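Presented below is the structure to which this report refers.
Every number for a ligand or one of its atoms is a count from 1 in the order of the listing. The model shown is predicted, which means the values in this text are computed figures rather than measured ones.
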Amino acid sequence: MQGGEDDVSYVNNSDRQALAITLSKPILISSLQTIKLFSTNSPIRITDLGCAAGSNTFTTVDTVVETLRRRYTAVYGGGSLPEIEAFFSDLPSNDFNLLFKLLTEKRRVDSPAKYFAGGVPGSFYDRLFPRGTIHVAVSLSALHWLSQYMQSDHDLENFLKCRKEEIVNGGVLFVLMGGRPSGSCSQFGDQGTRAKHPFTITMEQAWQDLLDEGLIDEETRDGFNIPAYMRSPEEVAAGIDRISGFKIEKMEYMKVVEHSDEKKEEWKKDPVSYGRARTNVVQAAIRPMVEAYLGPDLSDKLFKRYENRVSTNREFLHKTCFYGIVVFSAIRI
Ligand SMILES: C[S@@+](CC[C@H](N)C(=O)[O-])C[C@H]1O[C@@H](n2cnc3c(N)ncnc32)[C@H](O)[C@@H]1O
């Protein structure tokens with residue numbers, strides 16, 4: 001993700017992910033309300049894996065903390081709340097400086113702090129915590145990013161094996177990832193997600209523009225792959241079954257609408273600002289990857305072509321564009 005706080009940063013382009021979090025929140029809360037309460041003798045440890053740095057970074061940890069505090073208060077009274085530690089984890093390239101700056105600003109408002117916080121740099125495809133120390137692990141809009149192009153089952157299994165070691169018995173694993181509906185065979189074959197989605201088609205056109213202008217060759221165009229995979233609920237359930245150690249409480253496929261009707265009406269009058277807004281969202285997600293492949297100059301050109309394509313294609317503003325997510329909560333058994 002693009003760090004910093006400018007127009008193309010993740011912090012300013014994460015509304016869709018925020019909406020996904022809101023949609024899936026009831027599943028998380030319902031899991032936390034049904035688990036057996038953990039002992040109050042030692043701190044409760046929560047982690048957000050793939051937390052990025054932005055307004056969404058703290059939302060889910062806050063939900064977990066509030067839900068657990070309410071449950072403990074109901075059972076033990078306000079005096080014996082357990083201490084809580086929250087570990088914000090992401091790849092070392094994440095903008096942790098921004099994360100801690102935002103945390104400090106948040107703490108000025110939410111004082112006294114309801115949890116101790118730490119940052120954990122590393123890949124969630126590896127072990128990040130000592131055995132049996134995590135009570136609640138969440139991962140939001142992150143697990144569809146693969147460690148390498150097309151390693152989907154291998155990555156899912158590694159993620160689950162590591163969490164199986166780290167999460168205490170009775171602990172919760174809650175995951176929201178980009179996904180596709182049950183029964184769909186391929187992440188690219190589904191009409192609902194791909195054909196309606198401006199990102200994939202228009203981005204291919206932008207790459208083709210660079211080729212047609214003689215700025216890149218075919219090998220360069222074809223050699224760029226985004227290491228992401230949209231799993232179906234069946235693929236996720238099969239992975240959990242293979243690794244064992246988790247009982248799925250709930251799993252759902254959901255659709256997240258990309259833009260509100262008000263926003264679409266606004267953009268219909270000003271397609272150029274629509275093109276810019278879409279391009280910012282795409283850059284926030286993949287600019288670092290594209291830049292590592294093409295370098296900064298060609299990357300600027302690619303995103304400019306993308307912006308032109310989006311601004312001149314009004315078709316998308318007359319469709320309801322959405323993307324799919326698979327959400328599950330599971331208990332460590
Ligand atoms: C789309 S952002 C989601 C951020 C935030 N959870 C949210 O909901 O807005 C995906 C995040 O996953 C992180 N990520 C991708 N692969 C990862 C990996 N192997 N280990 C840890 N984090 C990873 C990225 O660095 C990025 O910050």
Side-chain angles (χ1 to χ4, degrees), residues 1-5 8-25 27-28 46-64 86-100 102-103 106 118-129 134 136-163 166 173-179 199 225-231 254 256 258 280-292 323-327:
M1 299 300 122
Q2 186 78 8
E5 294 179 87
V8 301
S9 62
Y10 185 70
V11 73
N12 286 321
N13 289 283
S14 41
D15 293 358
R16 294 165 355 129
Q17 290 82 356
L19 190 55
I21 291 174
T22 306
L23 279 178
S24 64
K25 193 169 156 179
I27 298 182
L28 172 63
I46 303 167
T47 182
D48 183 340
L49 305 166
C51 59
S55 40
N56 300 340
T57 301
F58 309 107
T59 316
T60 307
V61 163
D62 282 352
T63 301
V64 175
F87 298 103
F88 296 95
S89 179
D90 205 297
L91 294 170
S93 53
N94 185 48
D95 195 343
F96 280 98
N97 283 339
L98 176 62
L99 191 160
F100 291 118
L102 295 172
L103 182 69
K106 174 177 152 59
V120 178
S123 168
F124 49 49
Y125 296 123
D126 296 322
R127 281 284 300 280
L128 295 163
F129 301 99
I134 297 294
V136 181
V138 301
S139 179
L140 310 150
S141 298
L143 198 53
H144 51 275
W145 290 107
L146 306 179
S147 63
Q148 276 181 37
Y149 184 59
M150 283 311 151
Q151 284 238 25
S152 168
D153 279 353
H154 182 255
D155 277 345
L156 179 63
E157 287 177 13
N158 273 349
F159 176 88
L160 291 167
K161 273 185 203 157
C162 295
R163 303 303 81 77
E166 294 164 352
L173 173 63
F174 174 77
V175 178
L176 175 182
M177 63 182 117
F199 170 70
N225 290 304
I226 297 177
Y229 183 72
M230 305 299 142
R231 299 182 181 90
M254 297 176 177
V256 184
E258 296 255 2
N280 287 348
V281 166
V282 171
Q283 288 199 73
I286 64 166
R287 169 110 203 172
M289 246 177 261
V290 173
E291 214 171 286
Y323 72 103
I325 53 172
V326 170
V327 181

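Under the side-chain contact (heavy atoms from CB on, under 4.5 Å) criterion, Asn12 pairs with Ser9, not counting sequence neighbours. Scanning for ring-ring contact (aromatic ring centres under 6.0 Å, His included) contacts around Phe87 gives Phe129, with sequence neighbours left out. Listed by chain and residue number, Arg231 satisfy the side chain to side chain donor-acceptor pair (under 3.5 Å) test with Ser152 (two or more places apart in sequence, or in another chain).
Leu146 approaches Tyr125 most closely through the heavy-atom pair CA-OH, 3.8 Å. Contact record, Cys51 with Asn94: SG-ND2, 4.3 Å, taken as the closest heavy-atom pair.
Using a heavy-atom distance under 4.0 Å as the criterion, the protein contacts of ligand 1 are Met1, Tyr10, Gln17, Ile21, Gly50, Cys51, Ala52, Asn56, Asp90, Leu91, Gly122, Ser123, Phe124, Tyr125, Leu140, Ser141, Ala142, Trp145.
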Report task. Test side-chain contact (heavy atoms from CB on, under 4.5 Å) on Asp48 and Phe58 and set out the steps. Result -> CA-CA 9 Å; Asp48 183 340; Phe58 309 107; over 6 Å; no
